[in-house]
Amino acid sequence: MAERETWTTRVGFIFAAVGSAVGLGNIWSFPFQTGSNGGAAFLVVYLAIVFLFGFPAMLMEFVIGRRSEKNPISAFGELGFPNWSFAGTLGVLGSMVTLAFYSVIGGWVLSYIVGSLTGAYFGDAGAFFGSVSAGGLAVGTHAIFMAMTVGIVAFGVQSGIERATKFMIPAIIVLLLGMAVWGATLEGAAAGYDYYLSPDFQYLTENIASIVPAAVGQAFFTLSLGFSVMIAYASYLGRDDSLPADGGAIVVINTLVALLAGFVIFPVLFAIGVEPGSGGTSTAFVGLAGAFGQLPGGAVLGAAFFVVLLLAALSSAISLLETPTSYVVDNYDYERKTVATALGAAIFALGVPTALDTGTLGWYNDVVFKLLLPIVVLLFALFVGWVAYGPSTDELTQGSTFGDGFTTLWLWWVRLVIPVGIGLTLVLGVQELLVKAQILESAVILA
Ligand code: PFF
């Protein structure tokens with residue numbers, strides 16, 4: 001079997017991990033979640049969760065990955081606890097289901113790039129969304145997006161993922177910065193900033209029970225946690241890297257990109273008087289495309305925006321495909337190219353129902369967000385905190401300049417705070433899923 005690759009540089013690893021973290025979650029769902037959950041008040045809760053839960057949870061995946069130097073399924077056996085492989089397996093399954101519908105949305109983005117340049121959505125943004133989001137065209141663009149993802153992963157960790165993300169991340173940041181400057185010149189900019197940044201604390205206190213689980217889900221998803229991706233990426237990492245320092249850098253950059261995206265989206269929407277309000281995925285596409293259609297220079301800026309979205313989605317999709325790929329490549333004597341292609345084809349098939357019906361896509365999304373993701377994070381916390389805490393704390397200090405106090409605090413945080421917080425989120429999420437299923441069932445009976 002070929003020797004296992006590693007990242008060529010520390011920066012290479014950080015770019016790859018930021019590439020995974022920065023995605024549709026930052027540029028798409030973050031601004032809209034913020035908008036529909038009370039603006040700045042949501043932001044405060046969300047930022048607290050990112051740093052208090054997301055950052056320590058990222059370190060859990062890092063220690064499992066780097067200590068074992070194995071893929072997320074074999075890692076647990078390598079650390080001496082083969083019975084726990086199911087936790088990693090669930091994470092890998094989560095990343096495959098996520099990629100199945102994530103790639104469909106990536107396909108929509110491809111259609112929107114073309115649509116910006118041809119002006120196809122300028123007349124009727126709603127009709128355009130309907131025609132590209134579900135049906136034959138959506139299956140086709142899903143296939144193209146998946147092929148691009150496979151193309152990068154097939155080249156491996158260094159010449160595929162590291163090389164691609166080193167170009168993508170700076171491109172995303174530069175383009176977004178440029179667009180934020182352009183956004184500031186628009187007439188609606190002031191109203192947009194106001195909506196984005198002025199807190200409505202009354203809304204927050206009244207809706208805290210729904211805001212917190214939404215913020216937790218968004219925080220973990222945007223940091224690519226709970227899918228074993230960060231186990232896979234950290235397994236290619238050198239021993240002298242500081243895990244807390246790298247994790248901190250990744251969390252901060254990811255948060256800044258999300259904040260920056262808000263500075264583009266809100267001025268654009270307010271420039272033509274669209275209230276972001278209750279923006280689901282589709283409303284968001286329709287509203288923003290509608291705005292680009294009406295603004296001067298909208299064709300070019302719309303295309304630039306959707307290119308940013310494409311790069312962000314691609315650099316996340318490759319991490320989702322790398323996770324199962326690393327398992328097969330580590331354990332079987334197949335070529336990486338063959339493995340990535342076969343897995344890509346299977347995940348493509350899994351995604352076809354969501355390319356045919358946006359309701360099905362919503363279900364995949366809900367099951368991942370509300371069920372799989374919190375279960376996996378909970379299992380990782382129990383494993384790191386209570387089962388393999390010796391090697392875990394040892395690994396955290398390896399290469400790190402953060403003192404023993406930090407390690408102890410982290411351990412107790414992982415043992416107690418994360419399980420309680422995530423456990424509660426899981427209960428609330430399952431409740432929501434059941435209510436949704438019931439509503440659906442009664443609707444079917446009524447019909
Ligand atoms: N973090 C990505 C985003 O914000 O769009 C999505 C994602 C990628 C989630 C990889 C999970 C993952 F493992």
Side-chain angles (χ1 to χ4, degrees), residues 15-34 46 49-50 54-55 57-58 60-62 64-65 71-72 88-106 108-109 145 149 152-153 161 164-165 168-169 172 176 214-235 247 250-251 253-262 281 284 308-327 343 347 361 364-365 367-377 380:
F15 273 11
V18 166
S20 173
V22 169
L24 297 168
N26 303 58
I27 300 171
W28 207 245
S29 47
F30 167 75
F32 287 93
Q33 294 244 15
T34 306
Y46 169 77
I49 292 174
V50 161
F55 173 59
M58 182 174 282
M60 302 182 329
E61 296 199 24
F62 280 1
I64 300 173
N71 65 80
T89 309
L90 272 183
V92 173
L93 283 179
S95 61
M96 292 167 74
V97 176
T98 304
L99 181 55
F101 70 82
Y102 203 85
S103 163
V104 171
I105 305 181
W108 300 354
V109 177
F145 184 87
T149 309
I152 298 172
V153 172
I161 301 175
T165 49
M168 288 169 167
I169 297 303
I172 290 170
L176 272 183
V216 171
Q218 171 66 25
F220 279 85
F221 189 77
T222 188
L223 292 172
S224 300
L225 299 173
F227 296 83
S228 302
V229 162
M230 291 299 174
I231 298 184
Y233 272 15
S235 75
I250 293 160
V251 171
I253 299 174
N254 181 63
T255 305
L256 289 178
V257 173
L259 291 173
L260 187 57
T281 318
V308 169
L309 209 53
L310 178 70
L311 293 176
L314 251 184
S315 62
S316 297
I318 55 184
S319 72
L320 290 164
L321 183 59
E322 175 60 24
T323 311
T325 303
S326 68
Y327 167 69
L343 282 167
I347 297 169
L361 192 149
Y364 275 47
N365 184 62
V367 169
V368 165
F369 257 90
K370 301 202 165 116
L371 207 60
L372 266 176
L373 190 159
I375 289 178
V376 173
V377 174
F380 288 170

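Atoms within each ligand, like the ligands themselves, are counted from 1 in listed order.
- Evaluation of the salt bridge (charged side-chain N to carboxylate O under 4.0 Å, His left out) test over residues 315-324, restricted to residues two or more places apart or in two chains, returns E322-R336.
- Looking at heavy atoms from C-beta onward, F55 lies out of side-chain contact with V50 at the 4.5 angstrom threshold.
- Under the 30°/60° scheme for interplanar angles, the aromatic rings of Y46 and F30 are found to be tilted.
- A distance of 7.0 Å separates CG of N254 from CE of M58, quoted to the nearest 0.5 Å.
- Under the side chain to side chain donor-acceptor pair (under 3.5 Å) criterion, S224 pairs with S20, not counting sequence neighbours.
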If you look at each N/O of ligand 1, which protein N/O atoms lie under 3.5 Å away, and at what distance?
unit_1	atom_1	unit_2	atom_2	d
ligand 1	1 (N)	S20	O	3.1
ligand 1	1 (N)	A21	O	2.9
ligand 1	1 (N)	F221	O	2.8
ligand 1	1 (N)	T222	O	3.2
ligand 1	1 (N)	S224	OG	3.1
ligand 1	4 (O)	A21	O	3.0
ligand 1	4 (O)	G25	N	3.3
ligand 1	4 (O)	N26	OD1	3.4
ligand 1	5 (O)	L24	N	3.0
ligand 1	5 (O)	G25	N	2.8
ligand 1	5 (O)	Y102	OH	2.6

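- Every residue two or more places apart in sequence or in another chain that forms a side-chain contact (heavy atoms from CB on, under 4.5 Å) with L260 is listed here: L176, L177, A180.
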